[in-house]
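Below, all heavy atoms of this structure are taken into account, side chains as well, without hydrogens, waters or symmetry copies. In this text, all values refer to a predicted model and were calculated from it rather than measured experimentally.
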Amino acid sequence: MAGAISITLALGIASGALVYSTLRIRFQRDINRIVFNRNWELLDEVSRKAGTEMDSLQTMLATEPDSAETKPYIVVSIEDRRLWYKLGDTTLYTTQVAVGSGKTLVQKAGDHQEFKFDTPRGRLVVQSKEMDPVWVPPDWHYVEQAKTKGLGILALDRKTAIPGGDGTMIRVDGNDVVKRSPDDVEVPLEAKEGHEITAGGNIIVPPYGTNQRKYKGTLGGHRLNMGDGYALHGTDEPLSIGKAVSHGCVRLRNEDIAYLYSVVPVGTAVFIY
């Protein structure tokens, strides 16, 4: 009796293995047939059902199918460094962009403060639009410039002054950082990206709100703000387009962002993947 049961079990296991092997061969045959016939839509469907669909963009779009079908939206591929303005499956506009460099900047040796220059992934929204945007450099900009030039960093306080090294004093007067001579003549200083105020081997960091901490032209003529300091904007370095060189924002050629500014409304979804 025990022998008969063993034989029955063995036959059952063998039969199950044969069925599994047959199904596997049929599945592989069907996949090969799909590929041979270039039935890509069916192949995509099989991939999704098998759990091999890893396109994060499709995942994001699936969260709001009605919006994606009825309202234009923006897609940015970090890997491709390209932007699409779309309505449903129709591309209304596309162009190259520059994205975050992915680099990490440490403020100083032994300091735990780090700045990571990544373009954020996920769903964002155009929260506001600007013409002739002014860039207010964050602290990391001065850290980066100081490292590049081998200089120190010295923050200027509104209530104090810093020696200019030639008998003058650098101080804040109203909305300007000025250089004051021994005979009390004050001259507003100029500052722009790559040409910061320096004194005594240090880059001087102007206080927020001063004109010397407002850079014009750096972001081109238009900006679409997406919150948390991130934006789609133009650039004064057109050769950077198509590269991973930004500090997190998505850069476009000035003519491209000008067009998007004219057609993209506030509230437009931006999918970055």
Side-chain angles (χ1 to χ4, degrees), residues 98 100-101 105 107-108 113 115 117 126-240 245-255 257-258 260-261 266:
S101 66
L105 175 67
Q107 184 164 359
K108 60 182 178 181
Q113 186 172 10
F115 305 98
F117 301 134
V126 175
Q127 299 182 4
S128 63
K129 299 162 58 171
E130 294 178 81
M131 290 186 65
D132 300 321
V134 174
W135 185 47
V136 179
D139 290 341
W140 54 253
H141 170 73
Y142 299 97
V143 175
E144 187 176 54
Q145 289 294 318
K147 283 182 173 291
T148 299
K149 299 177 179 179
L151 300 173
I153 300 175
L154 195 57
L156 177 62
D157 188 275
R158 288 181 176 273
K159 297 180 180 179
T160 59
I162 295 174
D166 55 358
T168 62
M169 298 296 289
I170 297 174
R171 59 187 294 272
V172 178
D173 184 7
N175 293 325
D176 276 317
V177 175
V178 302
K179 178 176 284 191
R180 186 172 184 174
S181 64
D183 56 358
D184 294 334
V185 175
E186 292 185 347
V187 178
L189 295 172
E190 293 186 3
K192 60 181 180 179
E193 187 174 11
H195 299 277
E196 284 68 31
I197 301 169
T198 60
N202 295 300
I203 284 183
I204 307 302
V205 183
Y208 283 107
T210 57
N211 293 322
Q212 285 68 22
R213 195 152 178 169
K214 299 176 182 178
Y215 293 173
K216 298 180 179 179
T218 301
L219 306 180
H222 303 81
R223 176 166 59 179
L224 306 182
N225 295 303
M226 300 182 292
D228 294 330
Y230 296 106
L232 308 171
H233 62 72
T235 180
D236 58 353
E237 299 180 3
L239 294 180
S240 69
V245 293
S246 83
H247 295 93
C249 287
V250 177
R251 293 183 194 171
L252 297 90
R253 296 182 183 90
N254 291 334
E255 57 268 29
I257 190 63
L260 290 176
Y261 179 92
V266 171

Report yes if some heavy atom in the side chain of [X] is under 4.5 Å from a heavy atom in the side chain of [Y]; otherwise report no.
| X | Y | value |
| --- | --- | --- |
| I204 | V177 | no |
| P133 | H233 | no |
| V126 | Y261 | no |
| R213 | P137 | yes |

So, for [X] and [Y], which heavy atoms are closest and what is the spacing to 0.1 Å?
| X | Y | answer |
| --- | --- | --- |
| I197 | A191 | CG1-CB, 4.1 Å |
| A199 | P163 | CB-O, 3.8 Å |
| G217 | D236 | O-CB, 3.6 Å |
| G229 | C249 | O-SG, 3.5 Å |
| W140 | L105 | O-CD2, 3.6 Å |
| P207 | L156 | CG-O, 3.2 Å |

(message) Is it true that, when you exclude E186 itself, more than 12 heavy atoms of the residues, nucleotides or ligands shown sit nearer than 6.0 Å to its CD?
(response)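 Yes, the 6.0 Å shell around CD holds more than 12 heavy atoms from other groups.
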Can you tell me if [X] uses its side chain to pair, donor with acceptor, with the backbone of [Y] under 3.5 Å?
| X | Y | value |
| --- | --- | --- |
| Q212 | P206 | no |
| S246 | G100 | yes |
| R251 | A98 | no |
| N254 | T235 | yes |

(message) Considering only residues two or more places apart or on different chains, which pairs with a residue in residues 127-136 satisfy salt bridge (Lys or Arg N to Asp or Glu O under 4.0 Å)?
(response)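 Sorted pair list: E130-R223.
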(request) Mind jotting down which residue pairs meet the salt bridge (Lys or Arg N to Asp or Glu O under 4.0 Å) criterion with at least one end in residues 150-166? Sequence neighbours excluded, please. (result)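 Sorted pair list: D166-K179.
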(message) For K149, give me all partners under salt bridge (Lys or Arg N to Asp or Glu O under 4.0 Å), at least two apart in sequence or on another chain.
(response)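 In terms of salt bridge (Lys or Arg N to Asp or Glu O under 4.0 Å), with neighbours along the sequence ignored, K149 is linked to E196.
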(message) Under the rule for side chain to side chain contact (heavy atoms under 4.5 Å, CB included), what residues qualify as partners of A161, not counting sequence neighbours?
(response)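 Side chain to side chain contact (heavy atoms under 4.5 Å, CB included) list for A161, sorted by chain: M169, R171.
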(message) If the condition is side chain to side chain contact (heavy atoms under 4.5 Å, CB included), which residues does D228 pass it with, not counting sequence neighbours?
(response)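 Testing D228 for side chain to side chain contact (heavy atoms under 4.5 Å, CB included), a comparison that skips the adjacent residues, returns Y230.
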(request) Tell me yes or no: between the side chains of N175 and N211, is some donor less than 3.5 Å from an acceptor? (result)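 Absent: no donor and acceptor within the cut-off.
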(message) Walk me through whether R180 and D173 qualify under side chain to side chain contact (heavy atoms under 4.5 Å, CB included).
(response) CA-CA 10 Å; R180 186 172 184 174; D173 184 7; over 6 Å; no
To the nearest 0.5 Å, what is the distance between [atom1] ([X]) and [atom2] ([Y])?
| X | Y | atom1 | atom2 | value |
| --- | --- | --- | --- | --- |
| L224 | L232 | CG | CG | 5.0 Å |
| T168 | D183 | OG1 | CG | 11.0 Å |
| Q145 | I203 | CD | CD1 | 5.5 Å |
| D176 | T210 | CG | OG1 | 8.0 Å |
| I162 | L154 | CD1 | CG | 4.0 Å |

(request) Could you name each residue pair satisfying ring-ring contact (aromatic ring centres under 6.0 Å, His included) that touches residues 141-178, not counting sequence neighbours? (result)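 Every ring-ring contact (aromatic ring centres under 6.0 Å, His included) pair that includes a residue of residues 141-178, provided the two are not neighbours, is W135-H141, H141-Y215.
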